[in-house]
Amino acid sequence: SAAVERRLASFRAARRGSAVPPRPAEPTGRAAAPETPEAQQAAGPSGRAEARPGGAAAAPVWARPLLLKVLLWAVLLALFVELELGLPYFVLSLIYWMYAGTRGPAERRRGELSAYSVFNPGCTAIAGTLTAEQLERELYYRPAAGR
């Protein structure tokens, strides 16, 4: 048992030494700058920035790509329902969305960690992952149930 504990301690020490530092929450160069008085004055009563004269206007609601895709899908669904092919269209849409929603490792952005720690450099886990060390700590230092 003592030999296992020593090996485990040496593994943890080696893992800490080779661990890749966690990715920052904000990408470098895009850190939140403190608000200036001008930026605070530009914000309206709702707290959102208002469009200034001569500034670039936001895209209209109907020009947003996601909204256009959803509307096209809904129109096609109505058409296929009329043709009595609504269920196959819906099922095939779901299959396509599952396929389009998955990305391969080559499509991962630089510095982005995988949800599966074995695919990350140094087996780095993402935030919120329950590790064996945390589970051990919670099991050993927790009072017994019913006390």
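Cluster annotation: Leu94 is not connected to Tyr99 through the hydrophobic network of ILVMFWY side chains, with a link wherever side-chain heavy atoms come within less than 4.5 Å.
Residue Leu8 belongs to no hydrophobic cluster, having no ILVMFWY side-chain heavy atom closer than 4.5 Å to its own.
Comment: Glu136 engages Arg12 in a salt bridge, judged by a side-chain N to carboxylate O separation of less than 4.0 angstrom.
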Can you give the donor-acceptor pairs under 3.5 Å from side chains of residues 125-135 to other protein atoms, not counting sequence neighbours?
from	atom 1	to	atom 2	distance (Å)
Thr129	OG1	Ile126	O	2.8
Thr131	OG1	Gln134	N	3.1
Gln134	NE2	Glu138	OE2	3.1

Got a list of side-chain donor-acceptor pairs under 3.5 Å for residues 68-85, not counting sequence neighbours?
from	atom 1	to	atom 2	distance (Å)
Trp73	NE1	Ser93	OG	2.9

